[in-house]
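Everything below concerns the one structure shown next.
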2 protein chains.
Amino acid sequence: MTHEGLDLAQRLHQAGLRMTPQRQIVLDSLCAAGPHATAEEIFQRVREAAPSVDRATVYRTLSTLEEIAIVDVTRVHGKLVYEISGERPHHHLVCRRCGKMIELTHEPFSHLYHSLQEMTGFQILDRHLSLTGLCPACQGA
Amino acid sequence: MTHEGLDLAQRLHQAGLRMTPQRQIVLDSLCAAGPHATAEEIFQRVREAAPSVDRATVYRTLSTLEEIAIVDVTRVHGKLVYEISGERPHHHLVCRRCGKMIELTHEPFSHLYHSLQEMTGFQILDRHLSLTGLCPACQGA
DNA sequence: ATTACTGCAAAGGATTTGCATGTGA
DNA sequence: TCACATGCAAATCCTTTGCAGTAAT
């Protein structure tokens with residue numbers, strides 16, 4: 001499960017931080033939860049594994065992990081969702097009506113990123129965008 | 001100021017809603033506030049015009065206007081910002097470090113929207129996206 | 001020993017809701 | 001008239017913070 005355990009522990013260490021049991025559990029829960037878990041969902045998983053871990057610890061850990069770029073944060077439906085940032089960037093389409101969500105590779109976005117970079121000089125860093133609209137089934141309604 | 005007044009009143013009416021003085025004031029404040037006003041900023045403007053209007057009314061009005069597509073909501077810096085949705089779509093680039101924000105036309109996005117529509121069948125409705133990255137000045141740092 | 005990390009409890013900000021009253025069509 | 005809107009106050013949701021105790025290096 002935590003084949004990246006050592007790796008992540010090292011990255012924490014490089015940042016002057018410590019690998020604690022709580023952080024390990026949060027990381028495990030983050031992996032187990034998949035790519036769009038809210039803080040609350042992660043907290044529930046953490047609680048299953050270790051009921052004594054406090055919600056505040058989960059929030060603090062997520063925030064810490066974000067700062068050192070181990071996790072990505074995005075907003076979907078107005079809520080913050082977290083995921084391990086290791087893999088290649090990907091994005092989502094969410095249906096405004098039924099909530100259906102589909103995953104997208106980065107490919108269709110890379111052209112946009114490049115043109116924006118050329119046009120503006122900005123280096124675009126978003127690795128996990130969430131666009132909204134109507135899914136095919138909901139376009140009739 | 002409210003050259004669109006009648007128009008908007010009609011759209012409210014078509015949705016079975018009423019044009020009230022409060023809603024008119026919120027709409028005026030929305031216009032006056034420009035394209036990236038938070039609910040709180042709008043409330044402050046409303047309060048200047050009519051101190052008796054409650055914060056809850058502003059929130060309810062913004063939500064109502066969003067539902068009937070008179071206003072657009074977006075998240076910038078984690079905060080919800082509102083704007084009249086009348087004009088053509090536009091987007092923003094925000095610097096993660098210094099907060100600098102530049103405006104973008106929809107053009108570079110339309111290609112992406114089209115490919116996504118072809119690939120997925122989703123009709124993408126976002127008229128006001130906010131991408132983040134590093135502005136030229138902050139890329140060195 | 002030092003410094004970071006944790007749990008607990010409490011605070012905080014933003015947004016929503018219940019309810020009685022007011023008001024536009 | 002009468003369903004919709006409003007003001008007020010309280011509630012709720014999500015997240016952060018202060019502090020004293022605990023643990024890692």
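Residue numbering restarts at 1 for every chain, and letters A, B, ... go by the order of the sequence lines.
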Legend entry - Side-chain donor/acceptor contact of B:Arg18 with base of D:dC4 under 3.5 Å: yes
Legend entry - Atom-to-atom span, CZ of B:Arg23 to C1' of D:dG7 - whole angstrom: 14 Å
Legend entry - Distance in Å, A:Ile70 CD1 paired with A:Leu12 CG, rounded so as to fall on 0.5 Å steps: 4.5 Å
Inset, instruction - Name the residue closer to the 5' end of DNA chain C, choosing between A:Pro51 and B:Thr20 according to the nucleotide with the nearest heavy atom. - result: A:Pro51
Legend entry - Within 6.0 angstrom of A:His114 NE2, more than 12 heavy atoms from elsewhere: no
Inset, instruction - Tell me which residues in residues 38-48 of chain A put a heavy atom below 4.0 Å from DNA chain C, sorted by number, or none. - result: none
Inset, instruction - For A:Glu66 and D:dT15, give me the distance from atom CD to atom C1', rounded to whole Å. - result: 13 Å
Dump every N/O contact between nucleotides 16-21 of chain D and the protein below 3.5 Å, one line per pair.
from	atom 1	to	atom 2	distance (Å)
D:dG18	O6	A:Arg60	NH1	3.3

Inset, instruction - State, yes or no, whether a side-chain contact exists between A:Thr61 and A:Val46 at a heavy-atom distance under 4.5 Å. - result: no
Inset, instruction - Kindly check if the number of other-residue, nucleotide or ligand heavy atoms within 6.0 Å of CD (A:Glu107) is above 12? - result: no
Inset, instruction - Return yes if some donor-acceptor pair links the side-chain N/O of A:Tyr113 with the main-chain N/O of A:Asp126 below 3.5 Å, else return no. - result: yes
Inset, instruction - Report yes if a side-chain nitrogen or oxygen of B:Thr57 is closer than 4.0 Å to either non-bridging phosphate oxygen (OP1 or OP2) of D:dG7; otherwise report no. - result: yes
Legend entry - Separation of C:dT23 P from B:Leu17 CG (nearest whole Å): 19 Å
Inset, instruction - Using atom types as modelled and distance alone, determine if a side-chain donor or acceptor of A:Tyr59 lies under 3.5 Å from a backbone N or O of A:Phe43. - result: no
Inset, instruction - Take atom CD of A:Gln10 and atom P of D:dT25, then tell me their distance rounded to the nearest Å. - result: 13 Å
Legend entry - Member of B:His106, B:His92, B:His91 meeting the side-chain hydrogen bond (donor to acceptor under 3.5 Å, both in side chains) criterion with B:His128: B:His92
Legend entry - Nearest-angstrom distance from the residue atom CD1 of B:Ile25 to P of D:dT6: 10 Å
Legend entry - Under-4.0 Å side-chain N/O to phosphate OP1/OP2 contact, B:Gln22 with C:dT23: no
Inset, instruction - Check the distance between D:dA23's C1' and A:Leu12's CG and give it to me in whole angstrom. - result: 16 Å
Legend entry - Euclidean distance, B:Ser115 OG relative to A:Leu104 CG, rounded to 0.5 Å: 10.5 Å
Inset, instruction - Consider the side chain of A:Leu80, meaning its heavy atoms from C-beta on, and name the nucleotide among D:dA24, D:dT15, C:dA25 that approaches it most closely. - result: D:dT15
Legend entry - Nucleotide nearest A:Ser52 (side chain, heavy atoms from C-beta), chosen from C:dA25, C:dG7, D:dT6: C:dG7
Inset, instruction - Mark yes when over 12 heavy atoms from residues, nucleotides or ligands other than A:Glu118 sit less than 6.0 Å from its CD; otherwise mark no. - result: no
